[in-house]
Undergrad: 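Input: one structure, supplied below.
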Amino acid sequence: MFGLFKKKTLKLQKPMQGKVVDITTVPDAVFSQKMVGDGFAVEPTEGTVKAPCAGKIVQIFPTNHAFGIVTSEGVEVLVHIGIDTVELAGEGFKRLVEPGIEVQAGQAIIEVDLGVLKAHDKSSVTPVVITTPDKIKSISVTEGDSDKAGAEIVLA
């Protein structure tokens, strides 16, 4: 009975090693102006891209530069690896799982060669965006390099 008023939260961990930064600093207006949703971004230091939460992989773009995951609560999360990386047509990206599978937080989804992004003058900043704002009441982001950096989402 006392659990009725307890807020439900979802924690998103950073999908890559690196520094968590404010989404408004992403060098792409679609993300920085929160046109597709709110969240955070990572300035990665290595190229293993992991699930930021448990859920079902619902989409991996054919170029492997982005994927979508849906949690059991119906929260949709988009992880977009780098900026303008769709232009690489898949070069430097390796898919490790297929759409339709259930994954755990921290499970490797895609490998990206950050050197390829740099060679093509593409930003490696990786936005992590909640694309279902109607499912959340609030989001708080912890920035920085620590393993605790990421976001806590209070569900509606």
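Hydrogens, waters and symmetry mates are skipped; everything else that's a heavy atom, side chains included, is used. Throughout, residue positions are numbered sequentially from 1 according to the sequence presented.
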Undergrad: Return the minimal non-hydrogen interatomic distance between T126 and G82, and the atom names on each side.
TA: OG1-N, 3.5 Å
Undergrad: Would you please test I69 and V58 for side chain to side chain contact (heavy atoms under 4.5 Å, CB included) and show each step?
TA: CA-CA 6 Å; I69 186 169; V58 291; over 6 Å; no
Undergrad: What distance separates L88 CG from N64 CG, expressed to the nearest 0.5 Å?
TA: 11.5 Å
Undergrad: Please check if atom CG in D134 has more than 12 non-hydrogen atoms from other residues, nucleotides or ligands closer than 6.0 Å.
TA: yes
Undergrad: Would you compute the distance between atom CZ of F67 and atom CD1 of I81 and round it to the nearest 0.5 angstrom?
TA: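 It comes to 6.0 Å.
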Undergrad: Checking F31 now: which residues fulfil ring pair (Phe, Tyr, Trp, His ring centres under 6.0 Å) with it, not counting sequence neighbours?
TA: H80
Undergrad: Nearest 0.5 Å, what's the CD1-CD1 distance between I57 and I109?
TA: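 So the gap between those two atoms works out to 4.0 Å.
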Undergrad: Within the structure provided, determine whether V49 and V79 are in side-chain contact (heavy-atom separation under 4.5 Å).
TA: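 V49 reaches V79 side chain to side chain.
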Undergrad: Name all pairs fulfilling the side-chain hydrogen bond (donor to acceptor under 3.5 Å, both in side chains) condition that reach into residues 21-32, sequence neighbours left out, sorted by first residue then second.
TA: D22-T24
Undergrad: Sequence neighbours left out, what passes side chain to side chain contact (heavy atoms under 4.5 Å, CB included) with S123? Give chain and number order.
TA: P27, I83, V125
Undergrad: Hey, any chance V129 and V75 share a hydrophobic cluster, counting ILVMFWY side chains that come within less than 4.5 Å of each other, even indirectly?
TA: no
Undergrad: Using the rule that Ile, Leu, Val, Met, Phe, Trp and Tyr join whenever any side-chain heavy atoms are under 4.5 Å apart, tell me whether F93 and I101 fall into a single cluster.
TA: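 Both belong to a single hydrophobic cluster.
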Undergrad: Please collect all side-chain hydrogen bond (donor to acceptor under 3.5 Å, both in side chains) contacts where either partner lies in residues 39-49, sequence neighbours excluded, each pair once.
TA: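 Every pair satisfying side-chain hydrogen bond (donor to acceptor under 3.5 Å, both in side chains) with a residue in residues 39-49: E46-T48, T48-E111.
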Undergrad: List for me each residue that meets side chain to side chain contact (heavy atoms under 4.5 Å, CB included) alongside E76, sequence neighbours excluded, and say none if there are none.
TA: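 By the side chain to side chain contact (heavy atoms under 4.5 Å, CB included) rule, E76 matches V70, T131, T132.
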Undergrad: Can you name the closest pair of heavy atoms from V103 and A51 and give their distance?
TA: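 Of all heavy-atom pairs spanning V103 and A51, the closest is CG2-CB, 3.8 Å.
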Undergrad: L12, L78: one ILVMFWY side-chain cluster at the under-4.5 Å cut-off?
TA: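 No, L12 and L78 fall in different hydrophobic clusters.
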Undergrad: Heavy atoms only: give me the nearest V42-P15 pair and the separation to one decimal.
TA: CG2-CD, 3.8 Å
Undergrad: For V36 and V30, what are the C-alpha separation, side-chain angles and deciding distance, and is it a side chain to side chain contact (heavy atoms under 4.5 Å, CB included)?
TA: CA-CA 7 Å; V36 292; V30 170; 3.8 Å; yes
Undergrad: Not counting sequence neighbours, list each pair that qualifies as a side-chain hydrogen bond (donor to acceptor under 3.5 Å, both in side chains) and has a residue in residues 98-108.
TA: R95-E98
Undergrad: Sorted by first residue and then second, give each ring pair (Phe, Tyr, Trp, His ring centres under 6.0 Å) pair with at least one member in residues 33-60; sequence neighbours left out.
TA: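 Matches after skipping sequence neighbours: none remain.
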Undergrad: Apply side chain to side chain contact (heavy atoms under 4.5 Å, CB included) to E91 and H120, showing your working.
TA: CA-CA 10 Å; E91 182 184 351; H120 288 278; 3.3 Å; yes
Undergrad: What residues form a side chain to side chain contact (heavy atoms under 4.5 Å, CB included) with S124, not counting sequence neighbours?
TA: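 Listed in chain order: P44, L114, L117.
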Undergrad: Could you tell me the separation between the CD atom of E73 and the CD1 atom of I153, rounded to the nearest 0.5 Å?
TA: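 Separation between the atoms: 10.0 Å.
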Undergrad: Grab the two heavy atoms, one from G37 and one from I23, that are nearest each other, plus how far apart they are.
TA: O-CD1, 4.4 Å
Undergrad: Just so I know, are the side chains of V112 and K94 near enough to count as touching, which here means a heavy-atom distance under 4.5 Å?
TA: no
Undergrad: Give the intermediate values and the outcome of side chain to side chain contact (heavy atoms under 4.5 Å, CB included) for residues I130 and D38.
TA: CA-CA 6 Å; I130 306 298; D38 200 355; 5.6 Å; no
Undergrad: Do the side chains of I60 and V97 get nearer than 4.5 Å, heavy atoms only?
TA: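 When only atoms from C-beta onward are counted, I60 and V97 do touch, with a gap below 4.5 Å.
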Undergrad: Residues in salt bridge (charged side-chain N to carboxylate O under 4.0 Å, His left out) with E87, at least two apart?
TA: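 For E87 the salt bridge (charged side-chain N to carboxylate O under 4.0 Å, His left out) partners, ignoring immediate neighbours, are K122.
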Undergrad: Please identify each residue that fulfils side chain to side chain contact (heavy atoms under 4.5 Å, CB included) with T63, with sequence neighbours left out.
TA: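 Partners of T63 under the side chain to side chain contact (heavy atoms under 4.5 Å, CB included) test: F61, H65, V86.
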Undergrad: Would you list the pairs meeting side-chain hydrogen bond (donor to acceptor under 3.5 Å, both in side chains) in which at least one residue belongs to residues 145-156, sequence neighbours left out?
TA: K11-E152
Undergrad: Which residues satisfy the side chain to side chain donor-acceptor pair (under 3.5 Å) test with E143, sequence neighbours excluded?
TA: none
Undergrad: Quick one: are V128 and V77 in side-chain contact, heavy atoms under 4.5 Å?
TA: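 Heavy-atom side-chain distance check passes, below 4.5 Å.
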Undergrad: So which heavy atom on V20 is nearest to which on A149, and how close?
TA: CG2-CB, 3.4 Å
Undergrad: So, for C53 and L10, which heavy atoms are closest and what is the spacing to 0.1 Å?
TA: CB-CD1, 4.4 Å
